[in-house]
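Worksheet for the structure shown next.
Note that the structure is a prediction, hence the values are computed from the model and not measured. In what follows, every chain begins at residue 1, and chains take the letters A, B, ... in the order their sequences are listed.
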Number of protein chains: 4
Amino acid sequence: MARPRSEDKRNAILDAATKVFAEQGTSAPTARIARQAGVAEGTLFTYFESKDVLLNELYLTVKAGLREAMLVDYPQKGSLRERAQHAWNGYVNWGVVHPEGRKVMAQLTVSTGITDEVKATGSAPFGGVQDMLREAMTKGVLREMAPAFVGALMSAMAEATITFIEREPKRAEAYRAAGFEAFWNAIGKS
Amino acid sequence: MARPRSEDKRNAILDAATKVFAEQGTSAPTARIARQAGVAEGTLFTYFESKDVLLNELYLTVKAGLREAMLVDYPQKGSLRERAQHAWNGYVNWGVVHPEGRKVMAQLTVSTGITDEVKATGSAPFGGVQDMLREAMTKGVLREMAPAFVGALMSAMAEATITFIEREPKRAEAYRAAGFEAFWNAIGKS
Amino acid sequence: MARPRSEDKRNAILDAATKVFAEQGTSAPTARIARQAGVAEGTLFTYFESKDVLLNELYLTVKAGLREAMLVDYPQKGSLRERAQHAWNGYVNWGVVHPEGRKVMAQLTVSTGITDEVKATGSAPFGGVQDMLREAMTKGVLREMAPAFVGALMSAMAEATITFIEREPKRAEAYRAAGFEAFWNAIGKS
Amino acid sequence: MARPRSEDKRNAILDAATKVFAEQGTSAPTARIARQAGVAEGTLFTYFESKDVLLNELYLTVKAGLREAMLVDYPQKGSLRERAQHAWNGYVNWGVVHPEGRKVMAQLTVSTGITDEVKATGSAPFGGVQDMLREAMTKGVLREMAPAFVGALMSAMAEATITFIEREPKRAEAYRAAGFEAFWNAIGKS
DNA sequence: AATGAATGAGAATTCATTCAT
DNA sequence: AATGAATGAATTCTCATTCAT
């Protein structure tokens, strides 16, 4: 099994899973995902050995999308603030553009089917962002804490920000900016 | 006459549900909860009409616990910082002491079974905390945002903090304090 | 168990059972009957050892009501036609007045819980009616058939008649009369 | 592609349902029907969405069988008596040959799960029989009654007749003939 | 590879009956 | 005797996964 022929079909299934799991939680039936993807029930299992495998691959796929959003045009040479803001904006914008991606992540994050390994891979910082976060740690109130802590705060604050943008889409820019200032202040870089 | 419905048994079921749902997600079987609670499968349904009702009541119960933790000894007359810190500490300490409560909340928050009404009731700010948050909004970068935004940031940052305390329990105090400073900075009150 | 104290309560349960079984079939829960009767769930079982016992006693009770309706003022000395018509009218009128009784009978008749003995007791002809039916058998097309056959035809025709009276209550008398003529013709006594 | 849904299997389930419901009433478990049909419990639900759907389709199927029995070789051009007798014999013979079909019908008729629409469809007169019954209504004692009344009387009398044939199978012919004479007399066509 | 029917192990409830009060 | 909570077997239906086509 799991001998995918068509990359399109695989993506259709991942997209369908995003939508369906976002709306109904990860206990949604695989049959519904197959239907949404326009493939037969059984076909899903030639692309993903089991529902758990689908869950895990979906997790990685969505996380990869988020990463990419943060890294595109990343100002590797910019100031700390520029790099932080780029990452922040990347996160927030991604969240606004991909509400379903965000919802699945919420579902997958609490799902028991995601392996620790996948979770670790998915939440490890990455690329220039990792360096940026590390730099942000130095000095300030967080200087003694675990390195990943700033990253966690940033994600948490960005998530809260996105939630409010979803409620007041017209003030998206204001929230994104205010949220960033809050984050920037939080890490003591004001 | 007849055996009265037992508050103890109801609580036993809620406790069992907390544990089981925390560990296995809300799709865990009611039978497992019943067993964990030491009652018959059917008994669960004399206390909670359906699994969904149990889910909703559990949500409210856990939220109530968190609220209470934040309000005990609340310094109504203290400075903004004192009140904010009290609420923060209440939140973080509750989370550290009730890891399972925190996990169920995570599960219930993304559960499709929780009604909007219950969600609203559960997340409404409360008591002096509401005033404190409102006061914290004035001035600072968040002054123009929706009033609940600070509350959301506080919860998000507290959650992140608790997560790191769970990883490094020995440095609980340090994380709690650093987290609060970050929050205090975030809202621009330094 | 089954040590009834109050005849009233017993009757209340039988009445409730008539109503509930008529509406929902014999698989209706005993709890519903108890509620309808205004007694506790458990109380039902002090009056009737089990649901099956209740079913059987209800069968006999309803049948007894029908018998009584046919026998009241029975013209023992009247002509065959007079007696037949009296029985016919008694049956039809009873059915019209007791639609629920008729519906439970329909349910109980096909119920697997009614013992053969009870069924036999319930459907045995009775009193003067038995003689009337026997007399009706002599001569005519049915003369060679089993004695109970006329009785069965009469019941069947009366049931059909009642059904149509329920649809057109205003023409009750017409149906009752026409039905009887049909029956009288059927047994070749015209 | 894929295994096509099998008409055989569908029929096996309907046959099994006929047998099981006839013996144990419509509250018999679907699992028993599946076992009797030689399919898995779940398979029943790929052929019938729910137990109620099965009940309704079974009703229609059995009724269709009865209809067909009455219509085969129907003497459209025959005299009223010939046509009536053909329908009568068709009914009675069907009942004798399909005792289980008759029992399920009895069960289904009082079942709460059969929709009014299906009941209507099932009991509507049909083909030449409809005309025959209408013709039988003219003149005679029933001339003023609802058109369906003769049909109801015929069914009722045929059912009674079948019941007695089941008790005395050896005199089947005698009962069938005597029953028809009674019916013919009943509608005043002697 | 694709399809969707077949499978049977659950899952949430229901309910007759028992039993503590 | 009356009450209604407690029980757990039984029931309908779902669903991941397999497999014939």
Sub-4.5 Å side-chain heavy-atom contact between B:L55 and B:F21: yes
Value in whole Å for how far the C1' atom of F:dG8 lies from CZ of B:F45: 13 Å
Rounded distance (nearest 0.5 Å) linking atom OG1 of D:T163 with atom CZ of D:R102: 4.5 Å
Contacts of D:K103 that satisfy side chain to side chain contact (heavy atoms under 4.5 Å, CB included) - sequence neighbours left out: D:A22
Protein-nucleotide distance (B:R35, atom CZ; F:dA6, atom P), rounded to Å: 19 Å
N or O in side chain of B:T46 less than 4.0 angstrom from F:dA6 OP1/OP2: yes
Minimum side-chain heavy-atom gap B:V53-B:N56 below 4.5 Å: no
Pairs flagged by salt bridge (Lys or Arg N to Asp or Glu O under 4.0 Å) wherever residues 19-38 of chain C is involved - sequence neighbours left out: C:K19-C:E23
Any B:R5 side-chain N or O less than 4.0 Å from OP1/OP2 of F:dA5: yes
Listed partners of A:R67 passing side chain to side chain contact (heavy atoms under 4.5 Å, CB included), at least two apart: A:A124, A:F126
Interatomic spacing from CG in A:L108 to CG in A:L58 - rounded to 0.5 Å: 5.0 Å
Validation row: B:L14, B:Y47 side chains within 4.5 angstrom (heavy atoms): no
Whole angstrom value for the distance that separates P of F:dA6 from CZ of B:F48: 12 Å
Under-4.0 Å side-chain N/O to phosphate OP1/OP2 contact, C:K9 with F:dA1: no
Integer-rounded Å distance: F:dA16 P and A:L44 CG: 9 Å
E:dA5 phosphate, OP1 or OP2, under 4.0 Å from D:Y47 side-chain N/O: no
Residues in side chain to side chain donor-acceptor pair (under 3.5 Å) contact with A:E68, at least two apart in sequence or another chain: none
Secondary-structure notation, DNA chain F, from Watson-Crick and G-U pairs under 3.5 angstrom (| other strand): .||||||||||||||||||||
Nucleotide N/O of nucleotides 8-11 of chain E paired with protein N/O under 3.5 Å:
residue, atom, partner, partner atom, Å
E:dG8, N7, D:G42, N, 3.3

